[in-house]
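Notes follow the structure.
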Amino acid sequence: MKRIINRNPNARVQVLLSLLPFVAVAVIYVFASEARLAENANDKLLPSLDAMFKSLTRLTTVPNKRTGDILLWTDTAASLTRLSWGVSISALLGLFFGILTGAIPYTRSLLSSFIAVLSMIPPMAILPILFIMFDLGELSKVILIVIGIAPFIIRDLQQQVLEIPREQIIKAQTLGASTWQIIARVLLPQLYPRLIQSVRLSLGTAWLFLIAAEAIAATDGLGYRIFLVRRYLAMDVILPYVAWITLLAYLSDTVLLKLSQHISPWFHGTQRKDASA
Amino acid sequence: MSDIHFKNVWKTYHDQVVLERLNVNIKAGEFCSIVGASGCGKTTFLKLLLGEEAPSRGTIMLGEQRLRAEPGPDRGIVFQRYSVFPHLTVEDNVLFGLEMSESPILGRLFGRSRQRAKDQAKDMLSAVGLEHACGKYPAELSGGMQQRLALAQALIKQPKILLLDEPFGALDPGIRNDTHKLVLDLWRRFELTVFMITHDLKEGFQMGTRLLVFDKVRNDPQAPHAYGARITYDIPLNSDKRKFPVELTASLERSGSSKTDKKLLDFGPGPE
Ligand SMILES: Nc1ncnc2c1ncn2[C@@H]1O[C@H](COP(=O)(O)OP(=O)(O)OP(=O)(O)O)[C@@H](O)[C@H]1O
Ligand SMILES: [Mg+2]
């Protein structure tokens, strides 16, 4: 008998195994839901799959009587717009300040402790300030996301720049590179995959702040809807929404990984197809 | 081509004296092998030559001028590790040096000028025997191939001075011999001044026109950092290696390498 750490499932078993927990959760849910509904047909806590499917159909196909919008799609669009703005701005800030503080000693002295302190501010604590300063509109929600994740990305990238072997920076200079050329040709391309990694790690946090902001002040958005229907104990809406958010988060994570593999194959150890070109 | 003069050069880190009172002149076109115990300051010596570190005292002259205390395209280097860019293909690694000088803003060449640079890079890559690996990333190369790539990358700028920090440490004996021939060949062809650190005394003797041995002359057991290393032996070598005494080569072979064996070197001019 081999040790268990040396025994690897084959491809098909891997897929089956990875599906197992999902199936298990679904089965447990169905049983629990049926048990509760058998006791009390009006129970709202664990709606049947059937009920959830019905409300999901309603949410995705029937336009709102007053506005003509289809709720799930308008909510999704609103939330994703805020999220992408917040994450994109944070990524750009991360890249800019990460390089500025990582590559240039003077700006590192100037900024890195300041950024370290800023990153300790609990973003939710200054949400009221944002609402006061920027109103309840879109801007304050985007800014909350930025405040929530940008410091992390900046500090992460600063560290990544510092971890690029000094030898490479010296080598570039012996090949005649200026500061700008070193940034553009040595640091930036090596930071893209690391930036994507950093963004992937902060996506969960970004969603947290998005939903928090929407719960407190919004008129649409996935977070807004969940907190709105909570008053009616509408679990048949909340659960599909949560599942949908999870799916979106998972998909964006996957897309980012694929993007990273595409633009930085060297980082992921994949060989370029035109290797002999 | 200019000679290099070390004039009473000291290098200290905090209160640790690493190198002290270095006085040495190196003629353009020489091939200096550098040996010495681990941690005695050989890499520091290269860093001074490279301009990555400035001397704490004294001056280094390149010809009539002070050596610029910043790495630049006149001095190429091959580090023992991390010497090539992992995100660039073999070809792009070699192109890098050309793109830097010809395209200050974008750092990239396009169209005809890129093609011209590519041809140049191709030549350099065939000189080091890597013409078939153009599109590969460094991670896909063996250690020896990476070192040859690093050589090609450095040489495309045609530096006057080439600094090699244990460039062959990771190579197996077969490739090592090939690479020795390659370096000697390139040294003659491009009329370089070469400084090569090695832990292999035999390699040092074989390759160089001159052997510099770094060692501490004084040592205070109570304060191990109080004194730095100096060049204790400065041995001119026959440029025709075949004339090298057979029995000495044999004894060197037996001695293995790494530690500088004083007795073995006692035929040299001795400490200054
Ligand atoms: N940046 C630094 N700061 C402080 N001390 C340093 C620094 N760089 C080197 N030293 C010290 O200088 C001494 C010489 O280091 P160096 O790297 O030149 O040794 P070396 O001869 O190249 O050794 P090896 O053969 O093991 O590579 C060492 O004792 C090291 O601790
Ligand atoms: Mg060293």
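The structure presented is a predicted model; accordingly, all values stated were derived computationally and were not measured. Each chain gets a letter, A, B and so on, in the order the sequences are listed, and its residues count up from 1.
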Hey, mind stepping through A:S260 and A:H268 against side chain to side chain donor-acceptor pair (under 3.5 Å) and telling me if it holds?
CA-CA 8 Å; A:S260 177; A:H268 300 274; 2.6 Å; yes
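- When all heavy atoms are compared, the tightest approach of A:T174 to B:G76 is CB-CA, 4.3 Å.
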Would you check, one step at a time, whether the test side chain to side chain donor-acceptor pair (under 3.5 Å) holds for B:T12 with B:S56?
CA-CA 6 Å; B:T12 55; B:S56 312; 3.3 Å; yes
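- Between the side chains of A:E214 and A:S79, a donor-acceptor pair is found at a separation under 3.5 Å.
- Taking every heavy atom of both residues into account, A:R82 and A:E138 meet most closely at NE-OE1, 2.6 Å.
- The part of B:V84 that comes within reach of chain A is its backbone (N, CA, C, O), which places non-hydrogen atoms under 4.5 angstrom from that chain.
- Residues A:I211 and A:I245 share a closest heavy-atom pair of CD1-CD1, 3.8 Å.
- Residues of residues 152-171 of chain A that come closer than 4.5 Å to chain B, counting heavy atoms only, are A:P165, A:R166, A:E167, A:Q168, A:I170, A:K171, ordered by residue number.
- The side-chain heavy atoms of B:F195 and B:I4, taken from C-beta on, include a pair separated by under 4.5 Å.
- Residues B:T193 and B:E30 bring no donor and acceptor atom of their side chains to less than 3.5 Å of each other.
- Across all their heavy atoms, A:L256 and A:V199 have their closest contact at CD1-CG1, 3.8 Å.
- Only the side chain of B:F79 comes within contact range of chain A, judged by heavy atoms closer than 4.5 Å.
- Note that the CH2 atom of B:W10 and the CG atom of B:L48 stand 14.0 Å from one another [nearest 0.5 Å].
- Chain A is approached within less than 4.5 Å, heavy atom to heavy atom, by B:F96, B:G97, B:E99, B:M100, B:S103, B:P104, B:I105, B:L106, B:G107, B:R108 from residues 93-112 of chain B, ordered by number.
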